[in-house]
Structures are given as structure tokens and as C-alpha cells.
Amino acid sequence: MDSTSFYEEYLNDILQQLVESKQLEPNQEHVTKFVIDNIYNSLSEKQRNVFNYMINTIKNAKAMRSAQEEKEKALGQTLSPEQYNNYEKNKETRQETMK
């Protein structure tokens, strides 16, 4: 199996997990299933936009969760959304205080 085939198979596995997770909006699920059945290069421009938006949204959500988990770990507690926002707003003040 060449690297392109491996990449496409790996991508298809990830996309299938997304579909099965039921986290996608209907148009995102439709395009994702199309990519699984075909290949990314066969998408229309509109379909690529939907697909890319979905992937970027998922990546950003994971990055935000990861950042919040890291801060919670550092503080040793779970933060409410308000606490998290306050943490971010006061970050520079805390860094100055620690110096």
C-alpha cells in the first residue's frame, strides 16, 4: 500500500468515527459521507468549503478543550465557563505577581 492509499484509508476511518459520533450537522454529515465514499479531490468547491469548515471547527473545539483541561490541571480544579474566562483575563496580572 502506498502512502497516499494509507492516508486516504486513515482519513476515512477518522471521518467514519465523526459520522458515527452524531456530532455533525446534516450538511456536514452528507459531505463527510461523500468524502468517505469518494475522495476529497472529487468534492465541488461548495462541498470543500463545508468540509473544511467542519474540520476547522472540530480542531478549534479540541484545542479549546485541551487548553481548558491544561489550565484546570495546573489549578487542580474544574473551572466553570465564568472562572475560565476570568482566568484568561487575569493571566497577565498573575504572571506579573509571580515574578
Side-chain angles (χ1 to χ4, degrees):
M1 173 184 297
D2 66 26
S3 62
T4 303
S5 297
F6 175 78
Y7 172 75
E8 288 175 0
E9 185 175 321
Y10 181 71
L11 176 64
N12 284 346
D13 289 343
I14 292 170
L15 296 178
Q16 187 62 43
Q17 289 174 14
L18 278 174
V19 169
E20 291 169 1
S21 73
K22 304 292 184 195
Q23 296 178 2
L24 303 177
E25 295 177 17
N27 60 340
Q28 294 172 335
E29 183 175 336
H30 175 75
V31 173
T32 302
K33 286 179 178 179
F34 184 85
V35 171
I36 291 169
D37 293 340
N38 301 284
I39 57 173
Y40 180 81
N41 293 335
S42 64
L43 296 176
S44 70
E45 184 177 347
K46 185 174 180 180
Q47 290 170 322
R48 282 185 190 188
N49 289 338
V50 170
F51 184 76
N52 291 337
Y53 176 80
M54 175 197 64
I55 295 299
N56 288 331
T57 301
I58 291 168
K59 285 185 348 186
N60 291 338
K62 285 184 178 182
M64 290 292 291
R65 280 194 307 271
S66 178
Q68 183 167 355
E69 289 169 2
E70 191 63 34
K71 287 173 180 64
E72 290 172 354
K73 184 178 175 182
L75 294 172
Q77 64 183 10
T78 301
L79 302 176
S80 70
E82 183 178 333
Q83 289 172 318
Y84 179 77
N85 289 335
N86 288 337
Y87 180 90
E88 286 297 309
K89 287 177 186 176
N90 297 317
K91 189 177 193 176
E92 289 179 13
T93 304
R94 283 192 310 278
Q95 288 175 346
E96 289 298 319
T97 304
M98 292 180 175
K99 288 182 180 180

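- Distance check: Asn49 CG to Met54 CE gives 12.5 Å after rounding to the nearest 0.5 Å.
- Rounding to the nearest 0.5 Å places CD of Glu29 at 10.0 Å from CG of Leu18.
- Atoms CD and CD, on Gln28 and Gln47 in that order, are 13.5 Å from each other to the nearest 0.5 Å.
- Rounding to the nearest 0.5 angstrom, the gap separating the OG1 atom in Thr32 from the CD atom in Gln17 is 12.5 Å.
- Between the side chain of Thr57 and the main chain of Tyr53, a donor-acceptor pair closer than 3.5 Å is present.
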